[in-house]
Amino acid sequence: MRSVREVWRSVRRPRSPLLHIASDVGEGPVVILVHGIASSSETFKNLLPLLTDHYRCISIDLLGFGDSPAGKDYTVEEHVEALRRTIRSLRLRAPFTLVGHSLGALLSSRYAAIYPAQVSHLVMVSPPIYPVITDLTSRFERAQLDAYMRAYEFLRTNKTFTIANAARIGRLLNISKIFEISERNWDAFGKSLQNCIESQTTIADLEAVQVPIDVVYGSFDQFIAAGTMRAIETIHNVRVHRVEVNDHLVRPRLARAVSAAIGLRSAI
């Protein structure tokens, strides 16, 4: 069986656009921050102040989100290729820490698997990792995973409902800048959901990553399915950090845990 890197290199990829670099602040070892689906680099507003005294932090908007240009199919390959070209344009001189939130965590795991020489440390924040349903032994876990997949399919096939309710949630929780599903990013949202989250190979990608991996998630995370963390805890180089009383977003409590994970690995 061919490795992830061998499969990647065998695929012909069109030239990708450069992504929007939302911020480049601080000095020191480089940390690249990649946000999640239906979001932007606003995701990291609570994390950046904890890092910029010691690190150069570069926040990048994903294809089709924030101020980045639109894509076509929004596959993992298309997202990662755009990320690769953008990072290459920065002409970094040393490997960097790659931090991904939600969808960004899944894409970052593929990036680290494909380009091991570029990444020194992978930090996955609130990753919606879903194993193959037949790999789960618990009937409850299989039922829950099936429910997630059905919910995602409903959201991306019911545009009017999804956009309207996303707007209500954004206003209610005061997270409109962090969470947005609109006409502007609908194509990116629906296709990224289907092609990157529902049809993911993240566990296989993690098994191919050669650098240290820290996974940080909240105990109230709405998108972490039962059995997910157990499925990845046995992978080499993975450390899992559970943050109590935090949901999917990078709130102050979760931000402190991510900052600590970055600092601990950097100190080793």
Side-chain angles (χ1 to χ4, degrees), residues 34-39 43 62 64-65 73-76 79 100-110 124-170 172-173 175 178-182 185-207 213 215-235 238 240-251 254:
V34 184
H35 66 81
I37 195 167
S39 190
T43 291
L62 286 174
F65 296 104
D73 297 318
Y74 296 97
T75 60
V76 172
H79 274 297
H101 175 256
S102 191
L103 168 64
L106 309 189
L107 301 177
S108 295
S109 68
R110 175 67 66 87
M124 303 176 72
V125 185
S126 308
I129 299 173
Y130 303 121
V132 177
I133 196 166
T134 53
D135 290 344
L136 298 173
T137 57
S138 164
R139 181 179 300 178
F140 168 76
E141 291 174 358
R142 292 197 300 271
Q144 187 185 54
L145 181 56
D146 181 64
Y148 273 104
M149 295 303 108
R150 290 175 182 273
Y152 292 150
E153 182 180 13
F154 177 85
L155 291 174
R156 63 176 167 79
T157 55
N158 290 272
K159 179 179 178 180
T160 302
F161 170 89
T162 301
I163 290 178
N165 281 277
R168 292 190 189 100
I169 292 170
L172 179 65
L173 301 180
I175 57 171
I178 298 174
F179 174 69
E180 177 198 7
I181 304 174
S182 62
N185 67 11
W186 175 257
D187 198 43
F189 169 76
K191 290 181 178 178
S192 295
L193 183 58
Q194 182 175 22
N195 297 330
C196 302
I197 295 179
E198 295 175 67
S199 306
Q200 64 177 267
T201 58
T202 305
I203 291 179
D205 292 337
L206 287 175
E207 290 172 341
I213 304 165
V215 177
V216 185
Y217 75 103
S219 61
F220 293 164
D221 195 314
Q222 308 92 319
F223 303 101
I224 300 292
T228 296
M229 293 305 144
R230 188 177 68 251
I232 65 172
E233 282 177 331
T234 58
I235 297 175
V238 171
V240 176
H241 312 265
R242 174 185 166 105
V243 180
E244 300 300 329
V245 198
N246 202 105
D247 58 8
H248 190 68
L249 301 180
V250 187
R251 301 187 189 278
L254 197 68

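Just so you know, these numbers come straight off a predicted model, no measurement behind them.
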Worksheet item: Shortest non-hydrogen contact from Q200 to L106?
Response: NE2-CD1, 3.8 Å
Worksheet item: For the residue pair P131 and L136, what are the closest heavy atoms and their distance?
Response: CG-CD2, 3.7 Å
Worksheet, complete the sentence: Here the pair of heavy atoms bringing S219 nearest to R242 is CB-NH2, 3.3 Å
Worksheet entry | Derivation and outcome, side chain to side chain contact (heavy atoms under 4.5 Å, CB included), residues E198 and L193 | CA-CA 6 Å; E198 295 175 67; L193 183 58; 3.6 Å; yes
Discussion item. Is there a side chain to side chain contact (heavy atoms under 4.5 Å, CB included) between S192 and L62? Walk through the geometry before answering.
Written reply: CA-CA 10 Å; S192 295; L62 286 174; over 6 Å; no
Response to the item:
Scanning both residues in full, the closest heavy-atom pair of R156 with G190 reads CD-O, 3.8 Å
Fill in: From CA spacing to verdict: side chain to side chain contact (heavy atoms under 4.5 Å, CB included), M149, I133
CA-CA 10 Å; M149 295 303 108; I133 196 166; over 6 Å; no
Worksheet entry | Interatomic spacing from CZ in F223 to NE2 in H248 - rounded to 0.5 Å | 5.5 Å
Practice prompt. Can you label the angle between the F65 ring and the H79 ring as parallel, tilted or perpendicular, going by 30° and 60°?
Written response: parallel
Item to complete: Kindly indicate whether the side chain of L103, heavy atoms from C-beta on, has any atom under 4.5 Å from the side chain of C196.
Response: yes
Worksheet, complete the sentence: Rounded to the nearest 0.5 angstrom, the CZ-OG1 distance for F189 and T162 is 6.0 Å
Worksheet entry | Side-chain heavy-atom pair I235, I203 within 4.5 angstrom cut-off | yes
Item to complete: Please examine the side chains of V76 and N195, heavy atoms only from C-beta on, and report whether any two atoms are closer than 4.5 Å.
Response: no
Fill in: All side chain to side chain contact (heavy atoms under 4.5 Å, CB included) counterparts of A225, not counting sequence neighbours
Y130, Q144, Y148, T228
Worksheet entry | Sequence-distant partners of D135, salt bridge (Lys or Arg N to Asp or Glu O under 4.0 Å), two or more places apart | none
Practice prompt. Check step by step if salt bridge (Lys or Arg N to Asp or Glu O under 4.0 Å) holds for R150 and D146.
Written response: CA-CA 6 Å; R150 290 175 182 273; D146 181 64; 2.8 Å; yes
Practice prompt. State the CZ-OG1 distance between R142 and T134, to the nearest 0.5 angstrom.
Written response: 9.5 Å
Discussion item. Holding to side chain to side chain contact (heavy atoms under 4.5 Å, CB included), I want the full list of residues that pass it with I175, two or more places apart in sequence or in another chain.
Written reply: L173, I178, F179, L249
Worksheet item: Which pair of non-hydrogen atoms, one from L254 and one from G218, has the smallest distance, and what is that distance?
Response: CD1-N, 4.0 Å
Worksheet entry | Smallest separation among heavy atoms of I224 and S126, with atom names | CD1-C, 4.4 Å
Worksheet entry | Spatial distance of atom CD (E180) from atom CD1 (I163) [nearest 0.5 Å] | 9.5 Å
Practice prompt. Enter the distance from Y217:OH to I129:CD1 here, rounded to the nearest 0.5 Å.
Written response: 11.0 Å
Fill in: Distance (rounded to the nearest 0.5 Å) between L145 CG and S138 OG
11.0 Å
